[in-house]
Amino acid sequence: MKTRIHITRIIAYLVQLAIVILCYNFMKSHFLLILLVIVAGAPVLSLAGVFVLKRGIDLTIRAPEETMEKGGMGYLIIKLVNKTIIPSLDAEVLLESENSFYGDKASTVLSIPVRSLGDFEKYIPVKYTMNGRYSYNVSTIRFRDILGIISLRKKLDKKCEIAVLPSSDNRRQFNTSDMSVGMTESEETLKKGHDFSDVSDVREYIPGDKLMSIHWKLSAKKDTLMVKDRVAMSDQQMVIVTELAGRDEEVDEILTLTYGIVKAFIAEQVFVRLMWWSEMGYEFHEQQIMNEENLKESFQAIYYEKIYKDPNKTRLLMRSIRPELKAYVNICMTDKGADAVVVEQD
């Protein structure tokens, strides 16, 4: 229902009105007459005010950070704005939250005061215990008139999203040399248009520098040619296939391990091709990763995927769809938990 009528409040008001009428009939006081007029007219003003309030009330929801680390504490900020002089005892805000990657949903009702010609900010602490894409939505807000006789509902569509990435403080040590079998030469189709190096500094042009290294925007500002000084990266690539299969907790562990391993290769300036099977697109998606920003973008893309149940699916599909990959590192669940397994394809 859009409008609720609170019977108990109406009964309480009628009792008060009856008491004032009896007192006036008994005492015939001018003061009681004025009080009777005020009490009798109060519901009209209260009901008119709540409809005015409905048009002038608004809400915003935001998170200070667009990304958070797993295990971190973040905040949601809900701001209720009242552009009218009509106050309300409180507003009931329906806050819905969802980790869309795992399909976990929850909702809660928040009570927020409505001030006359003012606003109120409510800070809600949130502990992020799982990786994924968290979305928060306020779809309705309900508020009462001053007398509490009725409450109206206003529909809203206020949203914000936060991507929760694995913690960078991963204490597990990775011996990347054990995964060297999964290293392959970079394919020409992937190398085209990419320079396998990372920018370390910007300096003035020196005769002999490559034209492709010129930083054109900065050169235009400084009226002199500036070039990107690069640190050479390996011309090989490490193919890493992360499985999105299993229970939610298992997939979360796999993603955390994948994040740590890829970061270890980035630190060694090794080019990584991160792959995963997309149930929604029914194909292998892949991202070329040369730095941590690429890694974060890849994980945010993964969070739009769908988890599947069969853990053997990835290897079977790799063998049939990508047979040209002679070897790769598969991040999957084993008897020991999430682990990196080198897979060699015949």
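The model shown is predicted, which means the values in this text are computed figures rather than measured ones.
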Cationic tip of K28 within the cone over Y24's six-membered ring, i.e. under 6.0 Å and within 45° of the normal? yes
Residues L244 and V251: closest non-hydrogen pair is C-CG2, 3.9 Å
Under 3.5 Å, side chain of D145 to main-chain N/O of L47, donor-acceptor pair present? no
Sorted by chain and number, sequence neighbours left out, side chain to side chain contact (heavy atoms under 4.5 Å, CB included) with K127 holds for M73, T129
Sequence neighbours excluded, the answer for salt bridge (Lys or Arg N to Asp or Glu O under 4.0 Å) partners of E305 is none
Side-chain donor-acceptor pairs of residues 58-66 under 3.5 Å, sequence neighbours excluded:
none

Excluding L94, membership of its hydrophobic cluster (Ile, Leu, Val, Met, Phe, Trp, Tyr; side-chain heavy atoms within less than 4.5 Å) reads V109
The side chain to side chain contact (heavy atoms under 4.5 Å, CB included) partners of K54 (sequence neighbours excluded) come to F143, L152, K154
Apart from Y75 itself, members of its ILVMFWY cluster (side-chain separation under 4.5 Å) are I77, Y123
For R144, the salt bridge (Lys or Arg N to Asp or Glu O under 4.0 Å) test, sequence neighbours excluded, returns none
For K306, the salt bridge (Lys or Arg N to Asp or Glu O under 4.0 Å) test, sequence neighbours excluded, returns none
Item checked: K79 to F120 six-membered ring, cation-pi geometry met (6.0 Å, 45°) -> no
Residue set satisfying side chain to side chain contact (heavy atoms under 4.5 Å, CB included) with K159, at least two apart, ordered chain then number -> N137, D157
Heavy-atom nearest pair, T84 first then V52, reads CG2-O, 3.8 Å
By side-chain hydrogen bond (donor to acceptor under 3.5 Å, both in side chains), R133 pairs with (sequence neighbours left out) S100, E161
By side-chain hydrogen bond (donor to acceptor under 3.5 Å, both in side chains), Y304 pairs with (sequence neighbours left out) none
Contacts of R247 meeting salt bridge (Lys or Arg N to Asp or Glu O under 4.0 Å) (sequence neighbours excluded), chain-then-number -> E250
- prompt: Would L156 end up clustered with F51 when hydrophobic side chains under 4.5 Å apart are linked, directly or stepwise?
  reply: yes
Looking only at heavy atoms, the pair that brings A340 and I261 closest together is CB-CD1, 3.7 Å
